[in-house]
Every structure is written in structure tokens, then in C-alpha cells.
Amino acid sequence: MRVGIYLNPGDRAYRMALRSEIYVDKTGLLAQLDRLLDTAQRFVCISRPRRFGKTMAADMVSAYYDRTVDGAELFAGRIITKALSFAACRNRYDVIHVNMQTFLSAASSMEELLRLLYEELAEDIQEVYPDVRAGTRRSLPSLLQHAFQVTQRPFVIVIDEWDCIIREYREDKDAQERYLDFLRDLLKDRTYVALAYMTGILPIKKYGTHSALNMFDEYSMTSPGPFAPFFGFTTAEVQALCRRYHMEFACVKAWYDGYAFPGVGEIYSPRSVVAAMLHGTLDTYWNQTETFQALRIYIDLDFGGLRAAVIRLIAGECIPIETGTFNNDMTTFHTADDVLTLLVHLGYLAYDRATSRVHVPNREVMMEFVNAISVGGWDEVVRAIKASNELLQAVWRQDEAAVAAGVEAAHFETSQLAYHDENALACTISLAFYAAREYYDCYRELPAGKGFADIVFVPRTQYAEKLALVIELKWNKDAATAIRQIREKQYVKALQSYHGKIILVGINYDRKTKEHTCQIEMVEPFCGKKTCTELK
């Protein structure tokens with residue numbers, strides 16, 4: 001059976017993934033696609049950040065539908081074999097599989113790119129189907145329609161890195177529109193298309209008042225839909241890998257968790273998890289696919305409220321954003337929310353669809369933010385971060401004056417934040433205690449006892465010698481009141497599974513004097529019988 005380079009390319013790429021030391025079965029994706037074959041919903045666009053498994057999935061989709069592949073053998077033992085559609089849908093189609101990055105790298109203009117794409121596919125079709133007279137066809141849609149008439153087999157069209165042209169020609173609107181119009185003419189209303197499956201980083205580019213590719217259903221970082229479990233690793237998958245490679249799950253979670261999709265729960269960066277398992281070391285693996293300058297370009301943009309938003313994100317806060325105005329490109333920004341939405345699609349921020357809020361997902365990405373602000377323009381924030389280790393040391397040795405002075409300095413360094421209530425004070429405190437994230441899991445507004453503890457730091461398993469911290473903040477009152485509230489409302493009940501001593505920290509900001517004060521006490525572990533006051 002004849003095969004081509006782009007037409008029915010076979011299964012070699014997917015077999016390489018199967019032969020890898022770590023392979024996580026994502027073939028459930030195929031059952032979702034089977035439902036869409038030859039329907040009005042046959043146009044699917046998946047957008048995820050770099051190294052989230054998009055190319056492996058594209059190779060899998062291609063091998064699954066490619067009629068030259070023995071799918072029964074290739075997918076034996078995989079999840080997809082349990083689907084009723086497996087026997088009926090696998091390996092029944094002609095597959096066209098292209099990675100647009102290949103053509104982008106070979107072409108110096110949009111005209112050359114489209115010409116190369118046509119010539120390569122025409123040569124493949126002529127080779128596989130000699131009866132199809134490619135030379136008389138002046139366009140790719142005409143050529144594919146003729147091939148379909150000859151064979152009566154519709155195509156599954158897989159386009160990987162579909163948006164690399166949008167990213168490369170980011171300032172060339174004419175080139176972008178020509179490319180989008182080309183894809184529309186190739187795919188829309190074409191009976192030869194059984195399924196069109198595209199992957200990229202960005203959602204489909206809009207121009208004018210509509211999208212040229214409005215026939216596509218899009219599944220992105222802000223709206224993953226039923227494809228949520230198939231890009232990124234789930235908690236269960238990471239736990240299984242941790243058991244296999246004898247890695248501490250809590251540590252892996254702190255480094256690489258933070259994304260979450262409705263109905264699926266937590267999602268981990270697959271590139272980072274795989275590298276950590278194979279190397280036996282937790283490090284910044286996903287970030288190595290980009291430089292910190294890529295992030296810095298966007299957070300340095302001069303939009304109202306963006307700088308304060310970035311500071312709050314680095315402090316560990318979740319902030320609300322509006323994603324609907326984002327134009328799905330890398331240059332058209334009208335608000336700070338547009339920039340933050342781009343960072344969601346690039347993987348630098350995680351989006352909670354239920355609350356419409358974003359946050360920095362994990363330690364790995366947080367380090368990238370710190371790297372991005374370390375060069376120019378963010379000196380005051382960098383100073384606060386660098387001073388955070390000294391502040392943490394002061395808490396450990398219960399030096400109230402030093403803690404008050406450290407918080408005072410952090411407030412000065414982040415003076416552009418609106419500082420008018422306990423929420424603003426909490427943001428300053430979170431940034432001031434940045435160094436604590438090395439040793440602790442941090443919780444804001446943690447349900448505890450008879451209320452909510454403002455900030456609680458619980459030491460991670462490998463740092464069990466560190467003391468837990470319960471921090472209560474007051475605005476225009478006094479630090480003693482903060483300590484009294486911790487005791488009276490029994491906030492230490494939040495630490496019932498913790499068995500070490502606990503440091504209570506009360507911090508107050510006086511609006512008149514513009515000064516911070518601090519009171520620190522230590523208590524024994526919560527025993528489940530006595531209150532914190534009785535323990536005193």
C-alpha cells in the first residue's frame with residue numbers, strides 16, 4: 001500500500017512515543033474524536049502551551065485514522081480499545097498530517113509557504129493516486145475534491161502548530177488574513193473533510209467582527225471542554241509516576257501542579273513531570289523551552305493596572321480577569337486583562353473558569369516570573385523578594401521588631417499597590433514572605449476553628465523540622481488583637497495533622513503613624529482536646 005510524506009504517513013512518529021521510557025495513555029482522546037467524524041462538529045481546534053503533549057496527540061490521531069496502519073496491533077491494550085467505536089473508525093481514512101512549522105521554516109513569505117504546501121501535498125497525492133491528475137488542479141481544495149471523487153474516501157486532516165504563522169507574522173495582518181482565508185477555503189463546507197483536527201498555542205485568530213474559521217469548536221486553556229484530561233497529566237497519572245520513580249508526590253505537586261480544569265481537577269505540565277522523573281531532580285524543565293525575555297516582554301507592557309496585577313500574582317494572589325476581549329494574537333492588546341489572558345494561553349498563568357480568576361500555577365513558573373522581573377524596571381519588587389529570607393529568619397527567632405521592620409520595607413517597595421485594607425496588607429505580607437515557599441505550603445483565608453485564618457504556612461514533609469506559622473493581619477488596630485483573635489477563634493485547628501510547635505504572628509498597620517507592629521508567640525501542637533488559650 002502506497003504511503004506519502006504528508007498523505008498517510010504511517011505510525012512511526014507515534015511508535016516512538018510508545019517506545020519512550022515514560023508513556024501515559026491518552027488514547028481516550030480518540031473516542032471523543034470518533035463521535036465527531038462526518039458530523040457538523042467535525043472541526044476541532046485544541047490550544048495548549050508548549051510541551052503539553054499536542055504533537056504526540058497529533059501523531060496519535062494520525063496513526064489511528066491512517067488506513068495504511070494496523071491499529072489493532074498498534075493500540076492493543078490501550079484505553080481506546082474499550083470504546084465501541086474502535087473497530088468501526090480506526091484506520092478507515094486517508095490522513096493528511098502537516099506540521100505548519102516545517103513549511104514556515106522553509107519559506108521566506110506567505111506566498112512561498114502556501115506554494116510549498118500545495119506542491120508537497122500534490123506530489124504525495126499524485127504518488128499515492130496516479131489517477132488523480134494533480135497538474136490540472138490549480139488549488140489544494142480542487143485537488144482534494146478530485147481525489148475524494150476518485151477514491152470516495154474522505155480525509156482526516158491533522159494540522160499541528162497551526163498558529164505558528166500567526167506568531168511568526170505577528171505584525172503582518174495581511175499575511176495572517178491570507179493564511180486564515182487559505183484554511184477556510186481548504187476546510188469549510190468541504191465534503192471531503194471527515195475530520196479537521198488542529199493544534200496550537202493560541203485560540204483561532206479573530207479579525208474584523210468574526211473569525212475566518214468560525215466552523216471550528218475550540219478547546220483552550222480557558223475552555224477545555226471534553227478534551228481537558230488529554231493534555232497534561234492528571235493527579236492520578238502523576239501519583240503513579242511518583243510511585244514508579246520513588247519521587248515525593250507532595251514535592252512534585254508544589255513544583256508542577258497548579259492548572260485545573262472543570263470535571264478533571266489538577267493538571268500537571270507533562271514535559272516537567274517526565275523530565276523530573278527521568279532525572280530524579282525537581283527543576284525548571286518546562287521553562288527551558290522559552291527564555292525569561294518572552295515573559296518579560298508582556299509583563300513590561302504599559303497598561304493600566306498590569307504592573308500592580310503582576311505584583312499581586314507574584315505575591316501568590318488570585319486575581320479576576322475578563323478573557324472575552326482577547327483578540328487571540330500576540331500584539332493586539334487593549335487592556336491589562338488581554339495581556340493576562342495571553343499569559344494563560346502561554347501557560348504562565350492558570351485560569352479558574354468557575355471564578356474567572358488567574359494565578360501563577362506552581363513554583364516552576366513562579367521562578368520564571370522572578371527571573372523576568374530581575375532585569376530592570378522591577379527593582380523594588382526584587383528587593384522585597386531578596387529580603388524575604390531575612391524576614392523569615394526573623395520570624396523563626398521570634399524577633400518582633402525585625403519582622404515589623406521587614407514588613408515595613410516590603411510595604412515601601414510595593415507602594416504602588418493600593419494600601420487601604422487588610423487585603424492589601426495580605427498581599428504585601430505574601431510578597432514579604434516569598435522565601436517561605438521554599439519550605440512551606442501557603443494557604444490564604446484557610447477555614448479554621450471558628451473562622452478563617454488570614455495566612456497559614458504548613459511545612460512540607462521534607463522540611464518537617466520547620467515550625468508552622470499562623471499569621472493574622474489587622475488594619476488600624478493592634479498586633480495584640482491579632483494574636484488574641486488567633487487564640488479565641490482557635491485558628492490552630494487548621495493544623496490538626498501537624499504535630500510540631502506553632503508560631504503565631506500578629507501584624508497590624510496603623511493608618512495614622514503609617515507603621516507596622518508585630519507580636520509573636522509560640523504554642524504547642526493542637527491536641528484536639530484543649531483550646532489554644534488553655535495550652536497557653
message: Looking at Asp181 and Arg184, is there a salt bridge between them, counting it only when a charged N and a carboxylate O are closer than 4.0 Å?
response: yes

Residues Tyr197 and Asp160: side-chain donor-acceptor under 3.5 angstrom: no

query: Closest approach of Ile373 and Ile299, non-hydrogen atoms and distance?
result: CG2-CD1, 3.7 Å

query: Quick one: are Glu21 and Tyr245 in side-chain contact, heavy atoms under 4.5 Å?
result: yes

- request: Using atom types as modelled and distance alone, determine if a side-chain donor or acceptor of Glu237 lies under 3.5 Å from a backbone N or O of Phe233.
  value: no

- prompt: How are the rings of Phe182 and Tyr179 set to each other: parallel, tilted or perpendicular (split at 30° and 60°)?
  reply: parallel

- prompt: With ring centroids as reference points, do Tyr259 and Phe52 lie under 6.0 angstrom apart?
  reply: yes

- prompt: Looking only at heavy atoms, which two atoms of Met60 and Lys26 are closest? And how far apart?
  reply: CE-O, 3.4 Å

message: For the residue pair Arg190 and Tyr192, would you count it as a cation-pi contact if the rule is NZ or CZ under 6.0 angstrom from the ring centre and within 45 degrees of the ring axis?
response: no

- request: Say whether, by atom type as modelled, one donor and one acceptor occur between the side chain of Asp124 and the main chain of Tyr6 under 3.5 angstrom.
  value: yes

- prompt: How far does CD1 of Ile46 sit from NZ of Lys54, to the nearest 0.5 angstrom?
  reply: 10.5 Å

task: Look at the side chain of Asp25 and the backbone N and O of Arg78, then say whether any donor-acceptor pair between them is shorter than 3.5 Å.
output: no

message: Looking at every non-hydrogen atom in both residues, tell me the closest pair between Ser272 and Glu364 and how far apart they are.
response: OG-OE1, 2.9 Å

task: Could you tell me whether the side chain of Arg357 and the main chain of Cys318 form a donor-acceptor pair under 3.5 Å?
output: yes

task: Could you tell me whether Glu119 and Arg115 have a side-chain N and a carboxylate O separated by less than 4.0 Å?
output: yes

task: Please check if the side chain of Arg90 supplies one atom and the backbone of Ala87 the other of a donor-acceptor pair under 3.5 Å.
output: no

- prompt: Between OH of Tyr65 and CG of Asp94, what distance do you get to the nearest 0.5 Å?
  reply: 14.5 Å

- request: Identify the two heavy atoms, one from Phe227 and one from Leu36, that lie closest to each other, and give their separation to 0.1 Å.
  value: CZ-CD1, 4.4 Å

statement: In terms of heavy-atom contacts, Arg460 and Ala254 come closest through NE-CB, 3.6 Å

query: If you measure only the distance, is there a donor-acceptor pair under 3.5 Å linking the side chains of Asn362 and Tyr268?
result: no

query: About how many Å separate CG of Asp338 and OG1 of Thr341, when rounded to the nearest 0.5 Å?
result: 6.0 Å

message: Is it true that, when you exclude Arg12 itself, more than 12 heavy atoms of the residues, nucleotides or ligands shown sit nearer than 6.0 Å to its CZ?
response: no

query: Do the two ring centres, one from Phe261 and one from Tyr219, sit under 6.0 Å apart?
result: no

message: Looking at Glu438 and Arg363, is any side-chain nitrogen of the basic one under 4.0 Å from a carboxylate oxygen of the acidic one?
response: yes

statement: Scanning both residues in full, the closest heavy-atom pair of Leu180 with Leu213 reads O-CD2, 3.8 Å

query: According to the interplanar angle, ranging from 0 to 90°, do the rings of Phe333 and Tyr298 count as parallel (below 30°), tilted (30 to 60°) or perpendicular (above 60°)?
result: perpendicular

message: Between Asp66 and Asn91 (side chain of the first, backbone of the second, donor and acceptor by atom type, cut-off under 3.5 Å), is there such a pair?
response: no

query: Are Tyr129 and Arg153 linked by a side-chain donor-acceptor pair shorter than 3.5 Å?
result: yes

field: Electrostatic pair Arg92:Asp34 at N-O distance under 4.0 angstrom
entry: no

- request: Kindly say whether Asp174 contributes a backbone atom to a donor-acceptor pair with the side chain of Asp172 at under 3.5 angstrom?
  value: yes

